[in-house]
Trainee: 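Below: one structure in structure tokens.
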Number of protein chains: 2
Amino acid sequence: MKDLKTKHDCKKELRDVFLKSTPARIGILEALEKTNKPLDVASLIIYLKEKSIKVDNVTVFRIVNILLEKGLITPIQLGEGKFRYEHISKSDHHHFICEKCNKIEDISNCNIDILEKNIQKKKGIIIKRHSLEFFGICQNCQN
Amino acid sequence: MKDLKTKHDCKKELRDVFLKSTPARIGILEALEKTNKPLDVASLIIYLKEKSIKVDNVTVFRIVNILLEKGLITPIQLGEGKFRYEHISKSDHHHFICEKCNKIEDISNCNIDILEKNIQKKKGIIIKRHSLEFFGICQNCQN
DNA sequence: TAGTATATGCAATTAGATTGCATTTGTCAA
DNA sequence: TTGACAAATGCAATCTAATTGCATATACTA
């Protein structure tokens, strides 16, 4: 499968939110756009190392935070005591986590949106985002 | 308002899951049953101190973990980098977190259950629990 | 009430994440 | 193309949440 985004696309993405393009930032965006499951900081560091992009761990945390601020990525918490992150372009789904094997599956077509609109109207609040995760036992682990 | 649960009830609750009744455990269950918002370990420690129940922090972490195992409480993550906990008897709702003032509001009557059953059938997975949180701006902070 | 399994306290340690400050680097204007 | 400057990074230290090992204390059963 061909990469959906190129280095050039990542640069544009960064420029659009007034961030300088650095190897670490491009690498992190690439990682999150390529990978199908939400990544934690440790995984990002490994990815960068594999690509021979030298970065300090602190910098990865800082980059992740600024990408969050700019709305390019979203945070995901799967009950692990740490954050994972997903590129905004693939955040239109939710997650199922198997409590036995820790596999993460995507759950699509949850029309929470309708529910969300009702809640906003009823409560007078503005909902910017939501997080929905399902925990249980996957098909493989049921045997 | 009268307390819904007494110390005696907490003891029974513990006995039912084969746990010894200790002051710390009873205090923690009380705290979680009384309070209307999910509590983190730090809050539990403060609660116990106020009740003059002397416990080490480690013990609170350990108690929380065993209560989770036994299914008496559920974990909640509100994007803070730490866990909060809610008593199982009041876990039938979801949460809205204001990104400005950090207020936590309860959201009820989300019939996720129907959705959940559909997903289970379609995917062949067993869903044991889910977590649903909404993030945005509360009514007060909109001005 | 004594015996025993269980729970707790204390000290040390780990992992995730943040901060301050000095240095380096990307970008834009000339 | 280059130089200037704001922005980004590296390094060291620090913080908070959470866990572990081991010795001691406590709750519960017989």
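Computed from heavy atoms alone, side chains included, the values below leave out hydrogens, waters and symmetry copies. Every chain is numbered from 1, with letters handed out A, B, ... down the list of sequences.
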Trainee: Side chains of Lys90(A) and Asp106(A): closer than 4.5 Å at any heavy-atom pair?
Mentor: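 No, their side chains stay 4.5 Å or more apart.
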
Trainee: Specify the separation, in whole Å, of atom CZ of Phe83(B) and atom C1' of dT16(D).
Mentor: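 Spelled out: CZ on Phe83(B) to C1' on dT16(D) is 14 Å.
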
Trainee: Which part of the nucleic acid, if any, lies within contact of Asn65(B), taking any heavy atom under 4.0 Å across all strands shown: a base, the sugar-phosphate backbone alone, or nothing?
Mentor: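 Sugar-phosphate contact only.
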
Trainee: Is there a path of hydrophobic side-chain contacts, each under 4.5 Å between heavy atoms of I/L/V/M/F/W/Y residues, joining Ile76(A) to Tyr85(A)?
Mentor: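 No; Ile76(A) is not reachable from Tyr85(A) via cluster members.
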
Trainee: At what distance, to the nearest 0.5 angstrom, does CZ of Phe135(A) lie from NZ of Lys128(B)?
Mentor: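 Reported to 0.5 Å precision, the distance equals 12.5 Å.
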
Trainee: Are any side-chain N or O atoms of Lys100(B) and backbone N or O atoms of Gln142(B), one a donor and one an acceptor, separated by less than 3.5 Å?
Mentor: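 No; zero donor-acceptor contacts below 3.5 Å.
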
Trainee: Quick one: label Arg25(A) by what it contacts on the DNA or RNA (base, sugar-phosphate, nothing), any heavy atom closer than 4.0 Å.
Mentor: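 Result for Arg25(A) = sugar-phosphate.
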
Trainee: Output yes when Lys12(A) and Asp16(A) qualify as a salt bridge under the 4.0 Å nitrogen-oxygen rule, no when they do not.
Mentor: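 So Lys12(A) pairs with Asp16(A) through a salt bridge.
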
Trainee: Just wondering, are more than 12 heavy atoms of other shown residues or ligands nearer than 6.0 Å to NZ in Lys70(B)?
Mentor: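 Buried by this count: over 12 neighbours within 6.0 Å.
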
Trainee: Report the nucleotide, chosen from dT8(C), dA17(C), dT19(C), that has the shortest atom-to-atom distance to any side-chain atom of Lys82(A).
Mentor: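 Nearest listed nucleotide: dA17(C).
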
Trainee: Nearest-nucleotide wise, let me know which of Val58(B) and Val58(A) is further upstream toward the 5' end of DNA chain D.
Mentor: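 Looking at the nearest nucleotide for each, Val58(A) comes out on the 5' side.
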
Trainee: What's the CG-C1' distance between Leu67(B) and dA7(C), to the nearest Å?
Mentor: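 After rounding, the reported distance stands at 13 Å.
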
Trainee: Rounded to whole Å, please give me the gap between CZ in Phe61(B) and C1' in dG9(C).
Mentor: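 Rounded to the whole Å, the gap is 15 Å.
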
Trainee: If each of Arg62(B) and Tyr85(B) is mapped to the nucleotide of DNA chain D with the nearest heavy atom, which maps nearer the 5' terminus, i.e. the 5' end?
Mentor: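 Residue closer to the 5' terminus by nearest nucleotide: Tyr85(B).
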
Trainee: For the NZ atom on Lys82(B), are there more than 12 heavy atoms of other groups (residues, nucleotides or ligands in this structure) within a distance under 6.0 Å?
Mentor: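 Yes, because the 6.0 Å sphere around NZ of Lys82(B) holds more than 12 heavy atoms from other groups.
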
Trainee: Can you say whether the rings of His93(A) and His95(A) are parallel (under 30°), tilted (30 to 60°) or perpendicular (over 60°)?
Mentor: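 Perpendicular.
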
Trainee: What are the atom names and distances for every N/O pair under 3.5 Å that joins the protein to nucleotides 22-26 of chain C?
Mentor:
from, atom 1, to, atom 2, distance (Å)
dG26(C), O3', Ser21(A), O, 3.4

Trainee: I need the CG-P distance between Asp56(A) and dC11(D), as an integer number of Å.
Mentor: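 To the nearest whole Å, that distance equals 6 Å.
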
Trainee: Five pairs at each end of the helix from dT1(C)-dA30(D) to dA30(C)-dT1(D): take the axis at both ends and give me the angle between them to 10°.
Mentor: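 Both end axes considered, the difference amounts to 40°.
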
Trainee: Report the distance from atom CG of Leu14(B) to atom P of dA7(C), rounded to the nearest whole Å.
Mentor: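 Atom CG in Leu14(B) sits about 10 Å away from atom P in dA7(C).
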
